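Predicted, not measured: the structure shown is a model, and the values here were computed from it.
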Amino acid sequence: MNSAISEARTGWAEAARDFAWSHPEWWTAGLGGAAWCAVLWHGWRHAGHRMGFATEWTHWVLMVTAMMFPLLREPVEAAASGSLWGRRNRAIGLFLLGYLGIWAALGGMVAWMRAFRWAGGDAAAAGGFLVAALWLLTPWHRRGMMGCHRRVPLAPMGWKADWDCLRFGGLIGGACVRSCFPVMFACALAGHGVLAMGAGAAAAIFERCYFRPKLREAGAVLIAAALIYVAMAFR
C-alpha cells in the first residue's frame, strides 16, 4: 500500500515537473491570476473611489499584470526557448521585468492625471471607452499589434543574455502600449471597476487570442461599455 502511494506521488511529481518545463509560461499566468484576485477585490469594494498617487500607481501595475500577463504566452515561450535550459525561468523573469517596466513608467503619468477632477466618474469612463474603440481603427494600433509578435535573438549567457531578455520585454511592452493603452486608460478612468476590467479583458482577448484579430467584436465590447457608463452617468 505504502509503495503504491509512493509511486503515485512520484508519478504526480514527475508529471508536474514535465508540465512546468513544457509550459514555461505557467507561472506568468499564475501571476496574472493572483493580480486578477487583487483587482477584483478592489473593484467590488472600492470601485470609483479616489486614491492617492502611490495607491493609484499600484493598482495600475496590478491591472496591467492581470490583463496583460495571461496574453503573453507567445513571447514568454520565445524568451524561454531562446535561452539555455537552466536559464529559462531567469529569462522569463527578466522579460516580464522589462515588459512591466514600460507600463509602470507610464502608470506614473496615469496616476498623476487621475488626481484631476475630469479624470474620474462615469462620464470620463464612457469617453475613455469610446476613444479606445476608435483607436482600433488607427494605423498606430495596427503597428502596435504587429509589434507584439516581434522576435529578437537572445545571447546564451552572461550579462548580455540578461540585457537581451530585458530589452525583449521592453520592446514587447512598448508595442502593447501602442496597441492597448487607450483601453487600459479607460479602465483606470473607471476606477479599475469590475465592469471596466471585464470589458477591457474581453476586448484584449478578441484582439490577441485569435489567428485573425476580431476587431469588430472588440470594438463592439468597448462601445457597449461606453454606453453603459453613459447610462450610469445620467441615472
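A salt bridge links Asp162 with Arg87: the closest approach of a Lys/Arg side-chain nitrogen to an acidic carboxylate oxygen falls below 4.0 angstrom. For the pair Glu74 and Arg151, the salt-bridge criterion is met [side-chain N within less than 4.0 Å of a carboxylate O].
Contact record, Cys187 with Ala196: SG-O, 3.3 Å, taken as the closest heavy-atom pair. For the pair Pro70 and Ala66, the tightest heavy-atom approach, listed with the atom from each and the gap, is CD-O, 3.2 Å. In terms of heavy-atom proximity, Leu84 sits nearest to Met157 at CD1-CE, 3.7 Å. Ala126 approaches Val230 most closely through the heavy-atom pair CB-CG2, 3.6 Å. The two atoms that bring Leu71 and Arg208 nearest to each other are O-NH2, 3.5 Å, heavy atoms only. Nearest heavy atoms, Leu154 versus Ala78: CD1-O, 4.4 Å.
Using a 30° and 60° split on the angle between ring planes, Trp135 and Trp140 fall in the parallel class, below 30°. Taking the six-membered ring where tryptophan is involved, the planes of Tyr99 and Trp103 are tilted, since the angle between them lies from 30° to 60°.
The backbone N or O of Ser81 sits nowhere less than 3.5 Å from a side-chain atom of Arg88 that would complete a donor-acceptor pair. Panel note: side chain Asp122, backbone Tyr229; no donor-acceptor pair is recorded below 3.5 Å. Between the side chain of His59 and the backbone N or O of Thr55, at least one donor-acceptor pair lies under 3.5 Å. No donor-acceptor distance shorter than 3.5 angstrom exists from the side chain of Ser179 to the backbone of Ala175, with no hydrogens or angles considered. Looking at Trp57, its side chain does come within 3.5 Å of a backbone N or O of Ala104 through a donor-acceptor pair.
When side chains are defined from C-beta on, Phe95 counts as touching Val76, because their heavy atoms get closer than 4.5 Å. Between Cys165 and Ser83, some side-chain heavy-atom pair lies under the 4.5 Å cut-off. Side-chain contact between Leu96 and Leu72 is present, with heavy atoms from C-beta onward closer than 4.5 Å. Between Val39 and His192 the shortest side-chain heavy-atom distance does not fall below 4.5 Å. Residues Met63 and Met184 are in side-chain contact: their nearest non-hydrogen atoms beyond the backbone lie under 4.5 Å apart.
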(request) Would you check, one step at a time, whether the test side-chain contact (heavy atoms from CB on, under 4.5 Å) holds for Leu106 with Val64? (result) CA-CA 11 Å; Leu106 196 61; Val64 171; over 6 Å; no
(message) If you apply the rule side-chain contact (heavy atoms from CB on, under 4.5 Å), what do you find for Val110 with Phe181, and how did you get there?
(response) CA-CA 10 Å; Val110 174; Phe181 174 73; 3.9 Å; yes
(request) Verify side-chain contact (heavy atoms from CB on, under 4.5 Å) between Phe185 and Met113, making sure each step is shown before the conclusion. (result) CA-CA 10 Å; Phe185 187 52; Met113 293 177 66; 3.7 Å; yes
(request) Apply side-chain contact (heavy atoms from CB on, under 4.5 Å) to Cys148 and Glu207, showing your working. (result) CA-CA 11 Å; Cys148 289; Glu207 286 186 4; over 6 Å; no
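The cluster map of Ile, Leu, Val, Met, Phe, Trp and Tyr, joined by side-chain heavy atoms under 4.5 Å apart, puts Trp60 and Leu189 in the same cluster. Linking ILVMFWY side-chain heavy atoms closer than 4.5 Å, directly or via other members, places Val221 and Leu134 in two distinct hydrophobic clusters. Residues Leu215 and Met67 do not share a hydrophobic cluster, defined by chaining ILVMFWY side chains whose heavy atoms lie under 4.5 Å apart. Under the 4.5 Å side-chain heavy-atom criterion for Ile, Leu, Val, Met, Phe, Trp and Tyr, Leu222 and Phe206 are members of distinct hydrophobic clusters. Note on Leu62: it clusters hydrophobically with Val194, by side-chain heavy-atom contacts below 4.5 Å among ILVMFWY residues.
Atom CZ in Arg142 sits 9.0 Å away from atom CE in Met146 (nearest 0.5 Å). In this structure, CD1 on Ile223 lies 12.5 Å from CD1 on Ile228, to the nearest 0.5 angstrom. Atom-to-atom distance recorded for Thr28:OG1 and Met68:CE is 14.0 Å, nearest 0.5 angstrom.
Counting non-hydrogen atoms of neighbouring residues, nucleotides and ligands closer than 6.0 angstrom, the CE atom of Met109 exceeds 12 such neighbours.
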For residues 198-205, which side-chain donor-acceptor pairs fall under 3.5 Å, sequence neighbours excluded?
none

